[in-house]
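Here's the structure, in structure tokens; my notes come after.
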Amino acid sequence: METVVLVIGANGQLGSVLTESLIQKFGKNNVIASDLNPRKEYEGIFEVIDATNIDRIQEVVTQYKVTQIYHLAAILSAKGEETPLRTWDINMQTLFNVLEVSRKNTIEKVFYPSSIAVFGEGAPLDKTPNNAYLDPATVYGISKASGENWAQYYFMRYGLDVRSIRYPGVIGYQSLPGGGTTDYAVDIYHKAVLEEKFNCFLKEDAMLPMIFMEDAIRATIELMDAPKEDIKVRTSYNIAGISFSPAEVVAEIRTLYPEFEVIYTPDFRQEIASRWPNSIDDSTACKDWGWKPEFDLKSITTTMIQKLKEKYRTTSKTSIL
Ligand code: AKB
């Protein structure tokens, strides 16, 4: 059977880049990108889907004979705190819809992203293990911790092959994040390249796990390609890239932009960050499906600066930000 992939949340930070990689892998006619709104200048197949509407997901799955679903739509940690009950409803309803459609249509594989936001005060801050206690303090974290367990439930009860990764903060030049606590680590590079002052909403020593987009995408594809019997964790896998604080990324950027100015104005997102791990133990993912990150802070910084410089040379600031 030919693989036909549906990406829900394809306009997001990760979704927009992952869609391109899936097209490279499966071909343009076998990847259906979808989101709440059409994507400008997108040349592949695109369907508008509100994932809270199960009938609409079913319609697209039937129309294209979808065999795999990547469900990336969610309201993230910082944005989610503005409307906690709505965040819960959207994050959970969209997941239930995907799981139900997948089970009823015998979808071959489902990808469900989780996050380091599942961890809270009960987990060790350093090298947080895969099976650490989960007591998340944001509604986004609560929805991801529950979602992981639902993923495992659908696997155990119905044999649905749902696979999941707990992403650290994702850093990429291709797209902008929205509504997360780790977003500063993308914004800071844009400000450096634009030679503008950066106002950081976290404290200078707020150490958080991060990952470069290329590593995050590769991890996703490698997990989805792994033989079914190698996937021993059916909640979600920790993956690590690197860990750094705002002060450390500023120091790295200043090797290229010595005049780069930063002020620190911590807000409610500092509270969220203070309960998340400093670093992640990803040895389970390494052992089960061979995960290994490639990018460190130096290579991330060099690549981000070089790619953003190219982007701002050819595109106007208002169409990027
Ligand atoms: C966020 O900050 O909410 C996300 C995440 C770590 O899941 N980037």
Side-chain angles (χ1 to χ4, degrees), residues 9 11-18 70-84 86-88 90-92 94-95 111-120 123 125 128 130 132 134-148 151 164-190 200-203 206-213 215-217 219-220 235-246 249 266-280 282 285 293 300 304:
N11 291 353
Q13 186 202 12
L14 196 74
S16 53
V17 188
L18 183 62
Y70 289 67
H71 171 43
L72 306 175
I75 303 181
L76 300 189
S77 58
K79 184 88 190 137
E81 292 308 290
E82 288 170 15
T83 51
R86 179 171 167 270
T87 301
W88 170 261
I90 291 178
N91 288 1
M92 298 314 290
T94 55
L95 172 62
F111 179 73
Y112 174 62
S114 186
S115 161
I116 53 159
V118 295
F119 297 115
L125 276 177
T128 310
N130 215 100
L134 303 186
D135 57 350
T138 59
V139 69
Y140 167 67
I142 298 170
S143 71
K144 287 296 178 189
S146 311
E148 291 182 1
S164 176
I165 279 174
R166 291 176 181 146
Y167 290 112
V170 178
I171 303 171
Y173 53 85
Q174 302 93 328
S175 52
L176 288 171
T181 303
T182 57
D183 293 9
Y184 93 87
V186 178
D187 299 341
I188 197 167
Y189 288 107
H190 285 262
C200 187
F201 57 72
L202 297 185
K203 286 192 194 159
M207 178 80 85
L208 286 173
M210 301 282 179
I211 192 166
F212 197 45
M213 181 68 82
D215 274 344
I217 299 288
T220 310
T235 49
S236 193
Y237 278 102
N238 281 4
I239 59 165
I242 43 152
S243 282
F244 58 74
S245 64
V249 69
D267 64 18
F268 73 100
R269 289 168 281 193
Q270 174 57 41
E271 270 297 298
I272 297 177
S274 68
R275 294 195 172 87
W276 286 358
N278 295 333
S279 61
I280 292 291
D282 61 358
I300 290 176
M304 284 297 284

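Scope of the values below: all heavy atoms of this structure, side chains included, with no hydrogens, waters or symmetry mates. Ligands are counted one by one from 1 in listed order, and the atoms in each one are counted from 1 as well.
Residue-ligand proximity, Ser115 to ligand 1, at heavy-atom distances under 4.0 Å covers atoms 5 (C), 6 (C), 7 (O). Below 4.0 Å from some heavy atom of Leu76 lie the following atoms of ligand 1, by number and element: 3 (O). Residue-ligand proximity, Ser77 to ligand 1, at heavy-atom distances under 4.0 Å covers atoms 1 (C), 2 (O), 3 (O).
In this structure a side-chain-to-backbone donor-acceptor pair under 3.5 Å is missing from Ser245 to Met207.
Side chains of Thr181 and Ser77: a donor-acceptor N/O pair is present below 3.5 angstrom, by distance only.
Checked against a 3.5 angstrom limit, the closest N/O atoms of Thr181 and ligand 1 fall inside it. Of the N or O atoms in Asp183, none lie within a sub-3.5 Å distance of an N or O in ligand 1. For the pair Thr182 and ligand 1, the shortest N or O to N or O distance falls below 3.5 Å.
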Query raised in the report: So Ile116 and Tyr167, side chain to side chain contact (heavy atoms under 4.5 Å, CB included) or not? Walk me through it.
Result: CA-CA 6 Å; Ile116 53 159; Tyr167 290 112; over 6 Å; no

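The list of salt bridge (Lys or Arg N to Asp or Glu O under 4.0 Å) pairs with a residue in residues 166-189, not counting sequence neighbours, reads Glu148-Arg166.
The aromatic rings of Tyr70 and Phe111 lie tilted to each other, with the angle between the two planes from 30° to 60°.
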